[in-house]
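This report concerns only the one structure given below.
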Amino acid sequence: MLAKRSPAGAPGAAPSESVADALLRHYDAHARRLPWRIPPGASERADPYRVWLSEIMLQQTTVAAVIPYFEKFTTRWPDVAALAHADEAEVMAAWAGLGYYARARNLIACARVVADELGGRFPDSEEGLLALPGVGAYTAAAIAAIAFGRRAVVVDANVERVVARLFAIATPLPQGRGAIREATDRITPDARAGDFAQAMMDLGSAVCTVKTPQCLLCPLRPQCAAHAEGRAEVYPVKPPKKEKPTREGLIWWLEREDSHVWIERRGDKRMLGGMAGLPGTAWDARGGAQGGEPPVPGDWIALNAGVEHVFTHFRLLLSVRRQVVGAACLPDGEGQWWPLARIGEAGLPTVFAKVVHRMTEKG
DNA sequence: CACACGTGGAG
DNA sequence: TCTCCAAGTGT
């Protein structure tokens, strides 16, 4: 195969392989094997359902965290029709622990659109994909390139970092995103755009890392402006992050004498919407946790130690009050008694799982 | 554009 | 222990 020659940077500079060719050559030798990925060079075609599902799960989530969830979902719901017709609460419970639960709500909505309105086939264009719930600019481009072989400009946080370094783009994010996107467009090949995107992401994940990038192992080192400057790690320049406020809330741990706990389904608009949860007050700034009526009256015993959990944009301090009731008790509101012996199957988000752990640990 | 939205692993 | 932040989207 013929390597493209990039224009010489400086007079007399040695001609070099294009970024795409160097990267794809590296990818052909070092691509990670992942459950949703077809190895480079295989004749098989990637299944759009699996590509879509993996891309949704991978949004802001590490590969290691996604793999077991991906296996669970594809085993239980092998195609988009199966997922579209699945019980909604079952899907939400299967997502529990992965975070960003709006993804799960949109996942179900998207599967239903594809199955019921699009004849079970995903759109094969970026524009069509972009119209689906939960599919934004990145995901539309990624699916178009990876599943349908389209030339699409795929920009995620990895690509952003690699490209900002390659071209030493010093404009801080998010302002610098325009220049990064243009530069990515320039180096994206017409052929193998899907492999190129995945190769960029592999590179960003394993070599061109946020901290202490492994420039000595990088196939793009000869063409990297940031490496030439000797300071790859300063790119991309990011704005200072904001401080996390603390919020407080109260949990009503209502336990039945036969070892069942009262669990509710959270409204779609709330945080952790659509997920199972323990009853409690709203979470707000110190002292403000009002409006929380307990599910039943009676003597609630406050626990000494609370539970702390850190979300993306705030830290939560949860206090717990406990009451044990008889088998005939039927609390107000929607909810159900769940056996503590099988609490792991209730589909509780991690913050509530922490409370369960606290309430069931020995001592 | 800025902010809300989860979690767990790495350094 | 603590800080950073990952294959982003919706509003």
Review point. Quick one: which of A:Phe73, A:Phe70, A:Tyr69 gives a ring-ring contact (aromatic ring centres under 6.0 Å, His included) with A:Trp36?
Key: A:Phe70
Revision key, fill the gap. Hits for side chain to side chain contact (heavy atoms under 4.5 Å, CB included) against A:Thr61, two or more places apart or cross-chain, chain-then-number order -> A:Ala65, A:Val66, A:Leu98, A:Arg103
Revision key, fill the gap. Between CZ of A:Arg37 and C1' of C:dA7 the distance, given in whole Å, is 10 Å
Check your understanding: Just to confirm, is there a sub-4.0 Å distance from OP1 or OP2 of B:dT7 to any side-chain nitrogen or oxygen of A:Tyr101?
Key -> yes
Point to revise | Atom-pair distance (CD on A:Gln214; C1' on B:dG11), nearest Å | key: 12 Å
Check your understanding: Just checking A:Ile56: base, sugar-phosphate only, or nothing, at a heavy-atom cut-off of under 4.0 Å?
Key -> nothing
Check your understanding: Reckon A:Leu34 touches a base, only the sugar-phosphate, or nothing at all at heavy-atom distances under 4.0 Å?
Key -> base
Review point. Under 3.5 Å, is there an N or O donor on one side and an acceptor on the other linking the side chain of A:Arg32 and the base of C:dA7?
Key: yes
Practice item. Could you say whether A:Gly99 or A:Lys211 is positioned toward the 5' end of DNA chain B, judged by the nucleotide with the nearest heavy atom to each? Key: A:Gly99
Polar pairs (N or O, both sides) under 3.5 Å between protein and nucleotides 1-3 of chain B?
| unit_1 | atom_1 | unit_2 | atom_2 | d |
| --- | --- | --- | --- | --- |
| B:dC3 | OP1 | A:Lys242 | NZ | 3.4 |

Review point. For A:Thr350 and B:dG8, is the shortest distance between a side-chain N/O and OP1 or OP2 below 4.0 Å?
Key: yes
Revision key, fill the gap. From the list A:Val154, A:Asp156, A:Asn158, A:Val163, side chain to side chain contact (heavy atoms under 4.5 Å, CB included) partner of A:Met200 resolves to A:Val163
Review point. Should A:His309 be listed as having a side-chain N or O under 4.0 Å from OP1 or OP2 of B:dG6?
Key: no
Review point. Please give, in whole Å, the distance from C:dG10 P to A:Met271 CE?
Key: 18 Å
Exercise for review: Return the 5'-most residue of the pair A:Thr62, A:Asn106 with respect to DNA chain C, ranking by each residue's nearest nucleotide.
Suggested key: A:Thr62
Point to revise | Distance, rounded to the nearest Å, where A:Tyr69 contributes OH and B:dG9 contributes P | key: 11 Å
Review point. For the side chain of A:Thr212 and the base of B:dG11, is some donor closer than 3.5 Å to an acceptor across the two?
Key: no
Check your understanding: CG of A:Leu173 versus P of C:dC5: gap in Å, rounded?
Key -> 11 Å
Point to revise | Whole-Å P distance, B:dC5 and C:dA7 | key: 23 Å
Practice item. Give A:Trp95 one of three labels, base, sugar-phosphate or nothing, depending on what nucleic acid heavy atoms sit under 4.0 Å from its own. Key: nothing
**Study point:** Nearest-angstrom distance from the residue atom NZ of A:Lys238 to P of C:dT3
**Key:** 17 Å
**Study point:** Validation row: A:Val325, A:Glu257 side chains within 4.5 angstrom (heavy atoms)
**Key:** no
Review point. Under 4.0 angstrom, heavy atoms only, what part of the nucleic acid is A:Val63 near: base, sugar-phosphate, or nothing?
Key: base
Review point. Out of C:dC4, C:dA6, B:dT7, which has the shortest distance to the side chain of A:Arg161?
Key: C:dA6
Check your understanding: Between C:dG10, B:dC5, C:dC4, which one does the side chain of A:Tyr100 approach most closely?
Key -> B:dC5
Practice item. Decide whether A:Gln59 and A:Tyr138 meet the rule of one side-chain donor and one side-chain acceptor closer than 3.5 Å. Key: no
Check your understanding: Would one find a side-chain N or O of A:Thr139 under 4.0 angstrom from OP1 or OP2 of C:dT9?
Key -> yes
Practice item. Just compare C:dA7, B:dT7, B:dC5 and give me whichever is closest to any side-chain atom of A:Phe314. Key: B:dC5
Review point. Under 4.0 angstrom, heavy atoms only, what part of the nucleic acid is A:Ala64 near: base, sugar-phosphate, or nothing?
Key: nothing
Practice item. Give the nucleotide from the list C:dG8, C:dA6, B:dC5 with an atom nearest to the side chain of A:Arg247. Key: B:dC5
Practice item. Please work out if A:Ala157 contacts a base, only the sugar-phosphate, or nothing of the nucleic acid, heavy-atom cut-off 4.0 Å. Key: sugar-phosphate
Review point. Is the shortest side-chain N to carboxylate O distance from A:Asp202 to A:Arg37 below 4.0 Å?
Key: yes
Review point. Mind checking the C1' distance from C:dG8 to B:dC1? Whole angstroms is fine.
Key: 16 Å
Point to revise | Residue among A:His309, A:Glu308, A:Glu248 satisfying side-chain hydrogen bond (donor to acceptor under 3.5 Å, both in side chains) with A:Arg315 | key: A:Glu308
Exercise for review: Considering only atom C1', compute the distance from C:dT1 to B:dG8 and round it to an integer number of Å.
Suggested key: 16 Å
Check your understanding: Is the shortest heavy-atom distance from the side chain of A:Arg112 to the side chain of A:His85 under 4.5 Å?
Key -> no
Practice item. Tell me what A:Val351 touches on the nucleic acid: a base, only sugar-phosphate, or nothing, going by heavy atoms under 4.0 Å. Key: sugar-phosphate
Review point. Touch check for A:Gly204, heavy atoms < 4.0 angstrom, all strands: base, sugar-phosphate only, or nothing?
Key: nothing
Study note, to complete from the structure: note: A:Glu160, atom CD; C:dG8, atom P; distance rounded to Å ~ 9 Å
Revision key, fill the gap. Among C:dA7, C:dT3, B:dG6, the one nearest any side-chain atom of A:Asp156 is C:dA7
Practice item. Give a yes/no answer on whether the side chain of A:Gln60 brings an N or O atom under 4.0 Å of OP1 or OP2 in C:dA6. Key: no
Exercise for review: Assess A:Arg165 against A:Tyr235: is NZ or CZ under 6.0 Å from the centre of the six-membered ring, and within 45 degrees of the ring's axis?
Suggested key: no
Practice item. Among the candidates C:dC5, C:dA7, B:dG6, find the nucleotide nearest to the side-chain atoms of A:Lys241. Key: C:dC5
Check your understanding: Over how many whole Å does the gap from A:Leu53 atom CG to C:dA7 atom P extend?
Key -> 18 Å
Exercise for review: Remember a base hit wins even if backbone is also touched, and classify A:Met201 as base, sugar-phosphate or nothing at under 4.0 Å, heavy atoms.
Suggested key: base
Review point. So how far is it from A:Leu83 CG to A:Trp52 CH2, rounded to the nearest 0.5 Å?
Key: 5.0 Å
